[in-house]
Structures are given as C-alpha cells and as structure tokens.
Protein chains: 2
Amino acid sequence: MREKKLKEETELFFAYLRQNGLKKTNQKDLILEIFLNTEGHLSVEDLYALVKKRDKKIGIVTVFRTLKSLTACGIAREIALGDGLTRFEHSYHHPHHHHIVCAECHKVIEFVSPELERVQDEIVRNYHFRPLRHRLQIYGICADCREHRPVPEARGYDSEKVFARDALKMAMRMKTRAIEFYRSAAARNQDAAGRAILENIVKVQEKHLADLRSDLDDLMEKGKGLEGAPMFLHFDLRELEDMIPEASSLETGQALKLGPKAVLELAQKLAQKASDYFKNFADKFHETQGRRVFIRFAEEEIGNYQKVSARADEPQSASHPN
Amino acid sequence: MREKKLKEETELFFAYLRQNGLKKTNQKDLILEIFLNTEGHLSVEDLYALVKKRDKKIGIVTVFRTLKSLTACGIAREIALGDGLTRFEHSYHHPHHHHIVCAECHKVIEFVSPELERVQDEIVRNYHFRPLRHRLQIYGICADCREHRPVPEARGYDSEKVFARDALKMAMRMKTRAIEFYRSAAARNQDAAGRAILENIVKVQEKHLADLRSDLDDLMEKGKGLEGAPMFLHFDLRELEDMIPEASSLETGQALKLGPKAVLELAQKLAQKASDYFKNFADKFHETQGRRVFIRFAEEEIGNYQKVSARADEPQSASHPN
DNA sequence: ATGAGTGCAAATACTTTGCATGACT
DNA sequence: AGTCATGCAAAGTATTTGCACTCAT
C-alpha cells in the first residue's frame with residue numbers, strides 16, 4: 001500500500017524530470033525518499049538535517065532545488081505557518097486543506113471544510129474575482145496546552161487515509177439518518193403497500209450501511225494508528241440534517257397515507273439529493289481515496305433506489321421473496 | 001473628522017511612548033503622520049520612500065523601529081499578502097478583515113464576513129482549540145484583469161467609513177424587508193384592530209428607514225469617493241431572509257386573523273431577534289463606526305417596538321392621534 | 001545630565017545565483 | 001560528448017543589532 005504510493009510519486013517525479021530534460025541523481029532520489037517517508041510540515045532545514053544523516057556530503061542548496069522541483073510536479077506543497085519559514089507538506093493525493101496551529105506547542109491540525117469553501121467561493125464571486133487558491137491559518141491554544149497537560153508527541157498521519165476514514169464516517173452518518181427516516185415513515189404509514197416498500201428500503205439501506213461499516217473497519221485495520229488522528233474532513237451536521245427531513249414532517253395534521261407511487265417518488269428524490277450532494281463533494285477534491293468514497297457513495301445511492309424500485313414493480317405477492 | 005482621528009491616533013502613540021519611557025522625536029512624528037495619511041498596504045520600503053521625500057536623511061531602520069512601536073500600540077497591523085514582504089495597514093478603529101488579492105494586478109479587496117467567522121469559530125471549537133487569531137488570503141483574478149480592461153489606479157479607502165456605510169446598508173436592507181413583511185401582513189389581516197397596529201408598525205419602520213437613509217446620505221456626503229469603494233462587510237442575504245419570514249408564511253390555510261395581542265407578540269419577537277442579531281454582530285468588532293451603527297440599530301429596534309406597544313395601549317379611539 | 005533615539009554599518013536568517021567540477025544519458 | 005547537477009562560496013533580500021553620536025526630557 002505504502003510502497004505502491006511511494007512508487008507512484010517516484011514515477012511522477014521521474015516523468016517530470018524526463019519531460020523537462022532534467023537528470024535523475026542519487027541526491028534527488030534520496031531527498032524524495034526521505035520527504036515521502038516523513039509526514040508533517042518540514043522546513044528546508046528540517047529536511048536537510050534528515051537527509052544529512054544518510055549522506056554527509058549533500059548540500060542544502062540541493063534540498064532547496066529539489067523541493068522546488070517536487071513542488072512543481074505536485075508532490076510537495078509550500079505552506080506558511082506564520083513562523084517565517086517556508087514549510088513543505090505532501091501534496092500528491094493529499095487534498096487541499098487548512099491549518100490550525102497551537103500558539104503554545106505548535107501542534108498543527110489539518111482540516112478541510114466544504115462549508116468554509118462554499119462560503120469563500122460565494123464571497124470571491126461577489127467581488128467578481130475568479131478564485132485561484134486561498135490559504136487560511138488559524139492560531140489558537142489547544143486543549144492540551146490550556147489544561148497544562150503534557151503535550152503528546154507530534155504524530156504525522158497519512159492524510160489520504162484519514163480523509164477516506166472521515167468520508168466513510170460522513171456517508172455512514174447520512175445513511176443512519178436516512179434509515180431512521182424511512183423506518184419512522186414506515187411505522188407511521190397507514191398504507192400497507194407503501195409501508196412494505198418503505199420497509200424494503202430500510203433493509204436495502206441497512207445493507208448499505210453494513211457495507212460502509214465493513215469498508216471503514218478494513219481501513220482502520222490496515223491503517224494502524226488511524227484512530228488517534230483528529231478529524232480531517234470537517235462536515236457540518238446541519239447540512240446532513242437539512243438534506244434528510246424528520247419523518248414527522250411528512251404528516252400534515254392527518255394520518256400518513258403514502259401509496260407505493262408516493263413512496264417511490266419520495267425515495268427517488270432523496271436518493272437523487274444525496275447522490276448529488278456527494279458528487280458535488282467529490283468535485284471539490286482531486287484524485288484521493290476520500291474522493292473515491294464520495295463518488296462510490298453517490299453511485300450506490302442511485303443503485304439502491306433502482307433496487308427498491310425494481311422490487312416494487314414485481315407482482316404484489318413478492319413481499320417475502322427468495 | 002479626519003483631523004480628529006489623526007489626533008486620536010497621535011495621542012494614542014504618544015501615550016504609548018510615555019508609558020514605555022520612550023521619547024518623542026521628529027522622525028517618529030513624521031513617520032506616523034505619513035503612515036496615517038496613506039491608505040493601503042505599505043511595505044517598509046514603500047513607507048521609507050514616502051518618508052524620505054520629506055526628510056532626506058532619515059534611515060530605514062527608524063522606519064522599521066517606528067512601525068514596530070505602531071504595531072505594538074494598535075495603530076498599525078502586520079499583514080502578509082503572499083509576496084514575501086511584510087506589509088502594514090491601519091489597525092486603529094479598523095476592524096479585523098481578510099484580503100482578496102488579484103494575482104495579475106495585485107489589487108487588494110478587504111472584506112469581513114460574519115458568516116465566515118462563524119463557520120471558522122465552529123471548526124476551531126470542534127478541535128478543542130481556543131481561537132486567538134486567523135488569517136485568510138484569497139488569490140484570484142479580478143474582473144478587470146479577466147476582461148483585459150485597463151487596471152483602475154489603486155485607491156485606498158477609509159475602511160472605517162466603508163464599514164459604516166455597509167453596516168447602514170445592511171440595516172436598511174433588513175428594515176426594507178421588515179416593512180414589506182408588516183405591510184403584507186397588514187393587508188392580509190382580517191382583524192381590524194390588529195391591522196391598525198400593523199399599519200402603525202409600518203409607519204414607525206418607515207420613519208426608521210428614512211433615518212437610516214439620511215445617515216447614509218450624510219456619510220456619503222462627507223466621505224467623497226465612498227461610492228467607488230467595494231463592499232467591505234460581506235453580509236449574507238440568506239441570513240436576513242431567514243430572520244424575517246415571508247408574510248405569506250403567517251397564513252395556515254385559513255384567512256389571517258391576528259388580534260392586537262398576537263400582532264404585538266409577533267412584533268416583539270421580530271424586534272428582539274433583529275436586535276440580538278445586530279448586537280451579536282457588534283460584538284464581533286472593536287470600537288468602530290460600523291460597530292456603533294450595529295449597536296444603535298439594535299437599540300432602536302427595541303425602541304421601535306416600545307413605541308408601537310405604547311401606542312397600542314392607548315384608548316382604542318386613538319387611531320388618528322395628535 | 002541622563003538615557004533613549006538615530007543612522008550608519010555590520011550581522012543575521014533565509015534563499016538564490018555563479019561557477020568549477022562532477023555525473024547522467 | 002554534451003549537458004545538466006552538485007556543492008561550494010558569494011550575493012541577494014528582508015530584517016535586526018551594535019555602536020558612536022545626537023537629541024529629548
């Protein structure tokens with residue numbers, strides 16, 4: 001897994017060198033290797049120190065020059081955390097994000113917030129700018145420092161995996177809410193045929209939720225230490241809640257009576273909404289594991305609806321199949 | 001006006017010097033004066049060039065040192081716009097804000113967005129950080145550059161005044177929406193006494209709107225060139241719209257019948273909501289003209305309600321007073 | 001008169017450039 | 001063989017510090 005990724009990035013670098021008539025050297029190889037195997041936010045000096053351990057006679061200028069190439073081909077990304085040093089972080093398959101820096105212990109939290117991006121986009125458009133890029137740094141005091149707890153040793157997480165973890169968690173939360181909605185709607189529905197479809201939807205959704213959970217378990221299994229990683233994808237629960245209504249909102253004073261057609265329409269609308277939402281989410285990110293989670297989820301939502309809809313078209317008797 | 005502000009800032013600087021056992025010199029005076037009279041985002045070199053015009057033998061070190069003092073006492077604020085230079089902008093009575101920078105012509109738009117701040121606050125809290133400060137820089141291409149229009153000469157606006165202008169505009173927009181709401185509610189209301197109160201509310205609100213407009217006119221009169229200044233306070237219309245409902249939402253299928261008591265309750269709720277919203281807004285800013293607009297508006301909302309409410313308590317016949 | 005302020009030059013910190021030598025294709 | 005890369009030293013940029021002299025309190 002890790003090896004595969006390293007290889008991909010190495011390939012990318014060599015391709016970049018080839019395309020620009022640049023030469024492959026041991027120094028570049030070593031600098032790339034050490035950069036890729038070190039998570040976190042390295043200054044040139046930091047990386048130089050690490051590189052020097054393996055090759056005493058390498059010069060810091062070469063580190064500067066190599067980092068410039070790595071930035072140009074998208075493997076590294078320059079960041080400024082406010083201490084006057086240019087720092088570098090992994091860029092390849094690592095989504096754009098922002099930083100919260102503890103002013104005391106200099107711990108750095110990385111996060112991405114689609115809501116924040118949305119608000120920014122609106123503002124930029126309002127001023128008739130075409131947005132190119134943006135940077136947000138937030139400085140604060142972390143809970144550990146505030147409570148005078150010992151500062152935990154800095155850990156670099158694989159943000160690719162953390163992002164995938166959070167994407168799965170987000171999908172699961174949406175699924176859980178949808179299940180609650182359909183279950184409650186089924187219980188309230190006075191129309192027997194409509195109720196049967198709602199119950200079928202609940203089953204399909206539960207299967208989907210179980211699949212998501214098993215994906216998450218696999219991921220956590222493979223990526224040891226992932227449990228400790230802070231949330232990377234900051235998702236706004238209110239957006240989810242807005243998307244899937246309370247089942248009680250279906251009732252308009254009278255008893256709920258949703259026939260098969262109404263139920264299918266409702267289910268299609270919700271599936272489409274969720275699918276669009278996740279597709280839109282995916283568009284915000286470049287090729288990453290988290291993005292793939294979103295795309296798959298969007299497709300599965302539509303697939304789930306089709307399953308339910310196909311089943312509803314079967315003869316009425318088919319309420320206990322197989 | 002301008003002189004008064006300059007004097008205030010000068011006083012503040014001298015007080016700072018006194019309190020720190022530092023000495024007043026011609027060089028410091030000159031640097032302060034030129035800084036205060038120059039809007040925009042000055043680098044040390046920029047300011048040095050301006051200062052040198054007036055005093056050939058001043059040294060750049062003195063500019064560095066004086067800017068440090070000005071920053072310490074809150075007259076100047078360091079900013080980084082991504083070009084590697086430390087730039088300085090006015091800080092005294094100038095609210096915290098963010099920057100949108102055109103990557104082509106380097107035009108800078110300053111803006112503040114309460115919604116953005118809210119989202120950020122939520123995120124920071126979510127990671128258990130106590131927020132200290134944050135910086136957001138957005139890079140993009142401005143409309144002028146995109147359409148290959150000549151770049152208008154850079155203009156420095158007095159952001160204190162621009163902020164006040166936008167605060168007034170925001171208040172007026174809210175007021176306009178409220179008037180629409182009450183007018184429409186009056187037209188729909190079948191209850192005569194309730195309608196009379198609604199009509200009175202409309203009158204009071206129209207008076208308030210006229211006052212706001214006259215404040216805005218005064219401001220624009222005094223601050224020539226303010227028309228051209230881009231919006232500084234970026235307010236989200238949806239928040240306003242959420243706050244004041246559509247009058248049609250009052251109807252629940254049947255004809256609208258709101259008695260005096262119901263109308264007063266409604267008016268009080270809305271006035272309180274608007275007042276709280278603006279108070280909360282004001283809390284986000286340090287002592288500025290814009291902040292005072294918010295506070296005054298918040299108080300006037302409550303005052304308006306009291307006027308309406310007192311009037312409603314008069315004998316019923318009092319529908320054509322004086 | 002005391003002590004901070006000033007302006008010069010020198011130092012510092014980070015980064016880039018020039019150049020002779022060495023390494024890749 | 002030719003060209004790019006490397007590592008050294010040197011230069012560059014933004015800012016700070018040391019110091020002798022000046023000026024404000």
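In what follows, chains carry the letters A, B, and so on, assigned in the order in which the sequence lines appear, proteins first and then strands, with residues in each chain numbered from 1.
The CG-P distance, from L17(A) to dA23(C), rounds to 18 Å in whole Å. Look at CG on L22(B): it is 9 Å from P on dA4(C), rounded to the nearest Å. Atom CZ in R65(B) sits roughly 11 Å away from atom C1' in dA4(C) (whole-Å rounding). Atom NZ of K52(B) is separated from atom P of dT6(C) by 15 Å (rounded to the nearest Å). Separating the CZ atom of F64(A) from the P atom of dA13(C) is a distance of 14 Å, rounded to the nearest angstrom. To the nearest angstrom, P of dT25(C) lies 10 Å from CZ of R18(A). Straight-line distance from the CG atom of L85(B) to the C1' atom of dC14(C): 14 Å, rounded to whole Å. The interatomic distance linking Q27(A) (CD) with dA23(C) (C1') rounds to 9 Å, in whole Å.
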Taking only nitrogen or oxygen atoms into account, show me every contact under 3.5 Å that the protein makes with nucleotides 9-12 of chain C, one pair per line with its distance.
none

For nucleotides 20-22 of chain C, list the nitrogen or oxygen atoms of the protein found under 3.5 Å from its nitrogen or oxygen atoms, one pair per line.
none

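With sequence neighbours excluded, no residue forms a ring pair (Phe, Tyr, Trp, His ring centres under 6.0 Å) with F235(B). Annotation: side-chain contact (heavy atoms from CB on, under 4.5 Å) contacts of F64(B) (sequence neighbours excluded): V44(B), I60(B).
Scanning both residues, I141(B) and C102(B), for their nearest heavy atoms gives CA-SG, 4.0 Å. Closest approach of Q137(A) and A80(A) over heavy atoms only: NE2-O, 2.6 Å.
Within 4.0 Å (heavy atoms only), S43(B) reaches no atom of the nucleic acid at all. Counting any heavy atom pair closer than 4.0 Å across all strands shown, G84(A) reaches no nucleic acid atom. I60(B) comes within contact range of no nucleotide atom at all, as no heavy-atom separation falls under 4.0 Å.
Comparing atom distances between the V44(A) side chain and each of dT15(C), dG5(C), dC24(C) picks out dT15(C) as nearest.
The outermost nucleotides of DNA chain D lying under 4.0 Å from heavy atoms of chain B, listed 5' to 3', are dA14(D) to dT25(D).
Side chains of E89(B) and H99(B): a donor-acceptor N/O pair is present below 3.5 angstrom, by distance only. For the residue pair E117(B)/H98(B), the side-chain donor-acceptor check at 3.5 Å is satisfied. Side-chain N/O atoms of H134(B) and Q120(B) include a donor and acceptor closer than 3.5 Å.
Contact between the side-chain N/O atoms of T25(A) and the OP1/OP2 oxygens of dC24(C) is not found at any separation under 4.0 Å. Between K68(A) and dT16(C), a side-chain N or O to OP1/OP2 separation shorter than 4.0 Å is present. Within the 4.0 Å cut-off from OP1 or OP2 of dG7(C), not a single side-chain nitrogen or oxygen of K57(B) is found.
Just one of H94(B), H97(B), H96(B) meets the ring-ring contact (aromatic ring centres under 6.0 Å, His included) condition when paired with F232(B); it is H97(B). When each of E110(A), R87(A), H106(A) is paired with H41(A), the side chain to side chain donor-acceptor pair (under 3.5 Å) condition holds for E110(A) and for no other.
The residues R118(A) and E115(B) are annotated as salt-bridged, a charged nitrogen and a carboxylate oxygen being separated by less than 4.0 angstrom.
An end-to-end axis angle of 20° holds for the helix from dA1(C)-dT25(D) to dT25(C)-dA1(D), taken from five base pairs per end and rounded to 10°.
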